[in-house]
Amino acid sequence: MIRRVVRQSKFRHVFGQAVKNDQCYDDIRVSRVTWDSAFCAVNPKFVAIIVEASGGGAFLVLPLQKTGRIDKAYPTVCGHTGPVLDIDWCPHNDHVIASGSEDCTVMVWQIPENGLAAPLSEPVVVLEGHSKRVGIVTWHPTARNVLLSAGCDNLVIIWNVATGEALINLEDMHPDVIFSVCWSRNGSLICTACKDKKVRVIDPRKGKIIAEKDKAHEGARPMRAIFLADGNIFTTGFSRMSERQLALWNPKNMEDPISVHEMDTSNGVLLPFYDPDTNVVYLCGKGDSSIRYFEITDEAPFVHYLNTFSSKEPQRGMGYMPKRGLDVNKCEIARFYKLHERKCEPIIMTVPRKVLFRLEELLREVKSIRDLVTLQDRRITKLEERLAKVGI
């Protein structure tokens, strides 16, 4: 029986590559607000970046092809009276984007076909219902015009954007600040991570918590929780000793995690980005200069480390392109938009073709043959030296 030493995976050789400088977006003053959101949202037409703004909050919306240096006078979306904390593109309309701000409002904007020609200060709709700053906005994955917002008033509101009315108010479920909210794949459930160290799975239609885990991560630093395609929950957080952790949970039995991994002692919050097609999770730490990626499978240890993309500059935020915006003809499986202090740099994740795998194998074979030939040459040389000493 042949024992398999290396685990078989289609994504074991995935590698990241930053684009050339002329394909980056330069001279952008990325926001310095102290909030652990991604600060960037991307779709197949536009990239949106939260920027520094005087006298309120603003974010840039750039067509993807508008690379190079961005003029300081380039128009922004600037309707908020406080700093913008989170932005999210509508999955059903590439010209609609939602934003949450410190001014306690959520605004929905319509972006013109070719991008902004003048500053945009009039939103399509203003959603008012929070009493404190709004730090999370996320669209429903399958239902059109349904938007979720979560604020520092510990309140989650699900809105009907078409009418501007609140459909559901989830009150008294979170005693402290909500760190993250994620819809399930079909939008029937949401999972939240809260400052009280609990991860909750909520059925918003019934207004009930159907599963929760106390001290999913025991550290005091912010947690993140996302749904996977199979309904399991993937979380990132910190241990009691301030080590960064990632864990996998089954919402039907949250007593013990399916898997827990400890990573390092950096203090940056890990932002998880999940690809349901490949079952790969990408972890981008705020302040890190790397992207780690893991494959989720049904085999122990369930979360398999694949590789790390490293660069020199730390990241201030990260945007993640939806699958429909990728160039699959070039074997692209993910694309990130990394925010530097004054730049946005696209990073492309690629799966090498089988030809490259075969080439690598041939190169390894050639190297091993060369090593054998070198070894034989040494042996022959030593034998000749001995014979010479004997006088033969």
Heavy-atom pair of closest approach, residues N186 and P141
C-CG, 4.4 Å

Could you give me the CA-CA distance, side-chain angles and deciding distance for R244 and D264, then say whether salt bridge (Lys or Arg N to Asp or Glu O under 4.0 Å) is met?
CA-CA 6 Å; R244 290 198 292 195; D264 52 33; 2.8 Å; yes

Before giving the answer on side-chain hydrogen bond (donor to acceptor under 3.5 Å, both in side chains), spell out for S311 and K338 the whole-Å C-alpha distance, their side-chain angles and the decisive distance to 0.1 Å.
CA-CA 11 Å; S311 56; K338 175 183 172 180; 2.5 Å; yes

V303 versus H261, closest heavy-atom pair with distance:
O-NE2, 3.3 Å

Against Y320, only a single residue in F273, W89, Y337 fulfils ring-ring contact (aromatic ring centres under 6.0 Å, His included); can you say which?
F273

Near-ring test Y282/F336, centroid separation under 6.0 angstrom
yes

Whether E341 and R32 form a salt bridge (side-chain N of Lys/Arg under 4.0 Å from carboxylate O of Asp/Glu) is what I want to check.
yes

Derivation and outcome, side-chain hydrogen bond (donor to acceptor under 3.5 Å, both in side chains), residues D288 and S290:
CA-CA 6 Å; D288 289 5; S290 61; 4.6 Å; no

Tell me the closest heavy-atom pair linking Q17 and F309, and the distance in Å.
N-CE1, 4.0 Å

List the steps, then state whether side-chain hydrogen bond (donor to acceptor under 3.5 Å, both in side chains) holds for H304 with S9.
CA-CA 10 Å; H304 305 272; S9 169; over 6 Å; no

Salt bridge or not for R240 and E218, using N-O below 4.0 Å?
yes

With ring centroids as reference points, do F11 and Y293 lie under 6.0 angstrom apart?
no

Name the one of L60, V84, I70 that satisfies side-chain contact (heavy atoms from CB on, under 4.5 Å) with V51?
L60

